[in-house]
Amino acid sequence: MKADILQVRNLRVYYQTSLGPLKAVDGVTLSLKPGERFGLVGESGSGKSTLALALMRLTKPPGYIEGGQVLLDGLDLIKVSENEIRKVRLAQIALVPQGAMSSLNPVMRIKDQIIDGIKDHLKKMPGSALEERMHELLAKVELKPEMANMFPHELSGGMKQRVCLAIAISLSPKVIIADEPTSALDVVVQRQVMLTLGQVQESLGVSILLVGHDMGLMAQFVERIGVLYAGKLAEVGSVREVFKESLHPYTRLLIACPPSLEEKGQFKGIPGLPPLLLNPPSGCVFHPRCPQTTSRCSVKIPSLKEVYPGRWVACHLYTEVKR
Amino acid sequence: MSLNYLLRRLGLFVVVVWAAVTLIFFLPRLASERNPIVERMGQTAASAGKLGEGVGEMVKAWEAKFGLDQPLWKQYLRYFRDVLHLDFGYSLAYYPTKVIDLIIKALPWTIGLFGVATLISFLLGSLGGALLAWPKAPRFLQYLLPFFLTLSAVPYYLLGLVLLFLFAFTTRIFPLSGGYPVGTVPSLSFPFILEVLRHAVLPGCAMIIAGVGFWALQMRGMMIIGLEEDYIAFAEAKGLKGNRIFFRYALRNVLLPQATSLAITLGQVISGGILVEVVFGYPGLGTLLLKAVSGFDYNLISGIVFIIIIIIAVATLLVDLLYPLLDPRITYQRRVK
């Protein structure tokens, strides 16, 4: 088995508020293998985007990284200098942003926005080589060469997302973080973009951390999945097993949410709302909404434990099942 | 940008100039109870100490010479034709100097001083304001802002008086007034240019210091909003160098409103600099306009105002033509109905 390319250890990202720190990401530990597709799901406000940005140390005030480690190929990204983290971004860990519609500079041509990232990371390259590289990248994400000279407002949403994808792979990074890359697109374009993302991932052998809330999309795309709830991982496992037999009660409810075609039943949701993170519930953060809550749940915080090989869950129901 | 738009925009320019010419012609003539010839004759008579006979005939003769005896519409048509040839007639107060000659003599001083001062203040203020909003900028800038904001609330002619007192009257580092030393003949020689620069320092500084705060404040506000944009966050995720993000992504994208203000200010400065010119005795358009108004010199007033309007109209025309270059999303194409 290959060594993990990305290791996140006990990462904590807080937001400073007048009422004290808000723990948006509270002790997340996970790892990615080279070439692996990992999915991170959770409701709005569960901390998934905060976590994704913190992995590249892009956390903005009032947010701050309280502690923990992000090891990219052994290098702790939380500790390195400002200049070093700048060099790591794009070259080793790249972002496919959430709002593709507005993530490109409206007054710059597409080609310049692809080339400037390469320029700021590599030693001097002749202009012709840069052009050539830029056209290769456009071809990889299935965009026409003429689009190089266009401005972002002349492209559709799907095309803009492809440009962002071309930028993300421009220096063949080790890890790509895709933060809800298709949430602004309709399902048809979403599928096309995800197919391209998949092809690119395979040809480069890059690891992808896909952040999202769409369980269907996750099921089709990723190999392993992590379920985030109130800033903590509730469950981690291979996507097949998690969908077949989810362990955490929250995951089970989450998977039951999308209406299925076979059972034309009622549209189901999870009763209650995610907790306010300023003042989280005692014990397990999910216990007020949990259908299987026990007396222990409101007292003791469950830790993430491996209950079967490769299956991790943070729930008191499983402490005994340990292998 | 389409040819269609260019033609429409030039058409608008012509309309603005026409409206200006018409307004300039009729406005001073509304004060019908004053007669420049009579006032001028009165002055001459007073200085000669004797009121000669036949003053009435003399006034009539002069009026005929200046065409003031003609009906208004004829005067208007003639005026219009002359203005198109940049011929504003003779100055009534400085007869027989032609108005255009007076303007040509004064204009370079005003444009040279205030145009350059405004540009410097615009560049310094915009850059400073942009840096104020930039999180990685040096800290000391934060303390400069209140200082310049306070100064920008002080009218620049007052600031000019203070500068005059400190650096010309008390310490005599710079000359007290004028555009060049009294007694020298304007030429393009090196020592003369040096003198001109020395004379321009104080009035220039008055305008720069008073203007910087305004530009900085406006730029800072726009940068703060601009830095929140998604493309800035993505530029950081791309690991771009700080300089590139600052200039190509942040500053570049908020230039548009700033350029609009610059065009408007450039126009205002030519007329608004009057007081500074008076304070510093600067031989520019402002001083000339003041003399023209106090001497009730129709022709000179209308000539100067016409030139000012042309400058403003040209500045806004340039900015309008510049917009599509600053922001490719602006195409000026008409909506298809």
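Reminder, nothing fancy here: chain letters follow the sequence lines and each chain counts from 1.
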Straight-line distance of Arg86(A) CZ to Lys238(B) NZ, nearest 0.5 Å: 12.5 Å

Could you give the distance from CZ (Phe234(B)) to CG (Asn105(A)), rounded to the nearest 0.5 Å? 11.5 Å

Check the surroundings of atom CD in Glu154(A): do more than 12 heavy atoms from other residues, nucleotides or ligands lie under 6.0 Å from it? yes

With a 4.5 Å limit on heavy-atom distance, are the side chains of Pro106(A) and Tyr231(B) in contact? yes

Give, as side chain, backbone, both or neither, the part of Ile167(A) having an atom under 4.5 angstrom from any heavy atom of chain B. side chain

Given that the side chain runs from C-beta out, which part of Met101(A) has a heavy atom under 4.5 Å from chain B: side chain, backbone, both or neither? neither

May I ask you to list the residues in residues 116-130 of chain A that approach chain B closer than 4.5 angstrom, counting heavy atoms only, ordered by number? Asp116(A), Gly117(A), Lys119(A), Asp120(A), His121(A)

Flag if over 12 foreign heavy atoms under 6.0 Å of CZ, Phe147(B): no

For Leu326(B), is it the side chain, the backbone, both or neither that has a heavy atom under 4.5 Å from a heavy atom of chain A? backbone

Using a 4.5 angstrom heavy-atom cutoff, name the option from Gln98(A), Gln113(A), Met56(A) with the most pairs to chain B. Gln113(A)

Going from SG on Cys164(A) to CG on Asp230(B), what distance comes out if it is rounded to the nearest 0.5 angstrom? 10.0 Å

For the pair Lys60(A) and Glu236(B), find out whether any cationic side-chain nitrogen is under 4.0 Å from an anionic carboxylate oxygen. yes

Please rank Met108(A), Glu82(A), Lys87(A) by heavy-atom pairs under 4.5 Å with chain B and give me the top one. Met108(A)

Check: His153(A) and Pro328(B) side chains under 4.5 Å, non-hydrogen atoms: yes

